[in-house]
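Chain naming here is simple, since letters A, B, ... match the order of the sequence lines and numbering starts at 1 in each. Keep in mind the model is a prediction, meaning the values are calculated, not measured. Hydrogens, waters and symmetry mates play no part in the numbers below; they use all other heavy atoms, side chains included.
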Amino acid sequence: MAKHETPLLDQLESGPWPSFVSDMKQEAESRAKNVNNVEFQIPKDVIEDLMGVLELSYKDGTTHWKHGGIVGVFGYGGGVIGRYCDQPESFPGVAHFHTLRVNQPSGHFYSTEYLRQLCDLWEFRGSGLTNMHGSTGDIIFLGTTTPQLEEIFYEMTHKLDQDLGGSGSNLRTPSDCIGQARCEYACYDTQDLCTHLTQEYQDELHRPAFPYKFKFKFDGCPNCCVASIARADMSFIGTWKDDIRIDQDAVKGYVNGEFKPNGGSHSGRDWGPFDIQKEVIDLCPTKCMRYENGKLEINNRECTRCMHCINVMPRALRPGKQTGCSILVGAKAPILDGAQMSSLLLPFVEVNKENDYQEVKDVIESIWDWWMEEGKNRERLGELMKRQGFQKLLEVTGVDPIPQHVSEPRHNPYIFWKEEEVPGGWERDINEFRKHHKR
Amino acid sequence: MALEYEESKQKIIEALQKKSKSKSKFYFSDLAKILDAKPREAKKIVTQMVQEGILEFWSSGSTSMYGLKGTGKQAGAEHEDG
């Protein structure tokens, strides 16, 4: 019989979706049986107690976790989040239940051997419960006691060649899409850039000195599979400068029904024959395409890189050859105060491995210098941009204003001329003026 | 100009001890203000103080703060003061 009665949790298993409650019960049972004779370093019944305290929280309508803690591994200000239960007598297994963030491999590429090693380590020294790539993106180890922290850190860094991730007022674990490893849309090597910047900014990742969290995310193309535009203080989104490459024969192939549109997805029902006009041309947001006399034409100057046509006809259309990334800044997705998408700062930056991505780093560091000095405590970059203005951001990054920075010029202009930028300044000779303009 | 470590350390310790009755955890920006230094300069001092075990980190998970080691309720209450 279960250690604690959990009727409210049990009810959650009745829905149509796989339930985390079932997962917890499965792990609790596995620990109880312990067929591999693991010498558990934290209480064997930790998961029963975890379910017990969660049930109590549902009953009471309040949390029984305290806020934060001082625990960590030596020299690191992030990666470990102290969690303590405020009902330790009733649930001794979770009196200490600290979370560890583990820096996931770029693009989430694992070998099964590596995953097994991580899980074995966590079963031995923690609760066995993980949260693979939730909203933070990292591998999360849920629940261990303080004495285990350094042991786990040692094992990870010395045997698994693996670092902790970021938490707190740090650079958070950078995350990226699978990029050029598997995806032909990727306009730059997301994994290389993500790994490079992770290594480069180790101090920012592990020793907190920012006003609040800061996130990088890397998308190889504007499909934005890691949703960097919505979730990262700095989003790197792959793009191209030249024209979309068109294979006219393949376009005809789609029109004649030889190839399935959308790579064969949405095939759950019969949508009828492919209609290029209705499904591609009419859906182009900038209306920059036409299909006439069996030929597809694109006015690339008007293309807004929405990716729709390429997604529908991937055999026929490909991003251009002059590729790089756009840098956008200021997104956040907080619970309070509403979400904010990132704003375009640089429409095109070369992503250049040859010089260790110096152009990208210059932008990052100028933004950090500004935010570290001017940002209020717990103020995200997007909020500072709103408070001091986009123009200030352009000043600190040394970027010249361009039309793409202005979304609604008549309605809300936020880029103003300064006196020193205007020939002659604000002063003018009234007599000279009166020669041409009567009173 | 680079900050002098020993002098900066004393400044932080004194300022934090002065406020210790009302407050035991401080934002990084509070420490930078005490040193009257740019964040990157201040970070070097603060990091070294953590390495020496004078300061310790506190984290809620989303925000990080600093305190003199062993001060505040947390260390005793969570039996983390050994």
Side-chain angles (χ1 to χ4, degrees), chain A residues 65-86 88 95-101 135-136 140 145-147 149 166-172 203-204 206-213 334-335 365 368-380, chain B residues 2-3 5 8-9 12 15-16 19-20 23-82:
Chain A
W65 297 110
K66 298 189 207 174
H67 194 65
I70 54 172
V71 289
V73 296
F74 186 69
Y76 276 32
V80 179
I81 302 156
R83 289 287 178 251
Y84 302 92
C85 180
D86 70 4
H96 290 208
F97 197 73
H98 310 318
T99 297
L100 274 121
R101 288 197 182 158
S135 54
T136 66
I140 309 276
T145 56
T146 307
L149 295 172
S167 67
S169 305
N170 272 322
L171 173 63
R172 299 303 182 82
D203 190 50
E204 284 76 7
H206 298 309
R207 285 172 275 280
F210 286 153
Y212 202 18
K213 60 180 89 166
I335 299 167
E365 286 165 27
W368 278 348
D369 283 344
W370 175 51
W371 178 56
M372 285 172 81
E373 211 151 310
E374 299 287 330
K376 293 182 180 177
N377 295 326
R378 296 173 65 86
E379 184 175 52
R380 294 283 289 272
Chain B
L3 297 173
Y5 178 65
S8 306
K9 184 169 94 176
I12 289 184
L16 265 49
K19 290 185 186 165
S20 65
K23 221 176 166 187
S24 65
K25 303 285 176 281
F26 299 83
Y27 284 108
F28 175 78
S29 64
D30 300 333
L31 305 184
K33 243 176 252 162
I34 292 168
L35 295 176
D36 192 21
K38 294 255 178 202
R40 283 185 195 278
E41 285 298 311
K43 184 171 181 178
K44 286 179 198 158
I45 305 288
V46 171
T47 301
Q48 197 172 337
M49 289 179 73
V50 172
Q51 295 288 336
E52 287 182 11
I54 301 164
L55 293 178
E56 67 185 359
F57 294 116
W58 178 92
S59 170
S60 70
S62 66
T63 314
S64 307
M65 298 179 95
Y66 293 80
L68 287 171
K69 198 175 176 76
T71 57
K73 287 179 202 164
Q74 200 112 22
E78 317 298 0
H79 311 289
E80 302 289 9
D81 48 357

For this session: Using atom types as modelled and distance alone, determine if a side-chain donor or acceptor of Y66(B) lies under 3.5 Å from a backbone N or O of P208(A).
Result: yes
For this session: Output the distance between atom CZ (F26(B)) and atom CG (N377(A)), rounded to the nearest 0.5 Å.
Result: 12.0 Å
Exercise. Which pair of non-hydrogen atoms, one from E373(A) and one from P39(B), has the smallest distance, and what is that distance?
Worked result: OE1-CD, 3.7 Å
Exercise. In Å and rounded to the nearest 0.5 Å, what is the NZ to OH distance from K376(A) to Y27(B)?
Worked result: 12.5 Å
Problem set entry | Nearest heavy-atom neighbours spanning G61(B) and R172(A) | O-NH2, 3.5 Å
Exercise. Non-hydrogen atoms of chain A under 4.5 Å away: do they reach the side chain of F28(B), the backbone, both or neither?
Worked result: side chain
Seminar exercise, completed: Heavy-atom closest pair (S167(A) atom, S64(B) atom, distance to 0.1 Å) is O-OG, 4.3 Å
Exercise. With the threshold set at 4.0 Å, does a side-chain nitrogen-carboxylate oxygen contact exist between K38(B) and D369(A)?
Worked result: no
Exercise. More than 12 heavy atoms of other residues, nucleotides or ligands under 6.0 Å from CG of D203(A): is that the case?
Worked result: yes
Problem set entry | Trace of the side chain to side chain contact (heavy atoms under 4.5 Å, CB included) decision for S62(B) with Y212(A) | CA-CA 7 Å; S62(B) 66; Y212(A) 202 18; 3.9 Å; yes
Problem set entry | Any side-chain donor near an acceptor of the partner, R378(A) and T63(B), under 3.5 Å | yes
Problem set entry | Interchain contact, F74(A) with chain B, by part (heavy-atom threshold 4.5 Å) | side chain
Problem set entry | salt bridge (charged side-chain N to carboxylate O under 4.0 Å, His left out) evaluation trace for R40(B) with E204(A) | CA-CA 11 Å; R40(B) 283 185 195 278; E204(A) 284 76 7; 3.5 Å; yes
Problem set entry | CD1 on I70(A) to OG on S59(B), rounded to 0.5 Å | 11.5 Å
Problem set entry | A209(A) versus K43(B), closest heavy-atom pair with distance | CB-CD, 3.5 Å
For this session: List the steps, then state whether side chain to side chain contact (heavy atoms under 4.5 Å, CB included) holds for M372(A) with S29(B).
Result: CA-CA 8 Å; M372(A) 285 172 81; S29(B) 64; over 6 Å; no
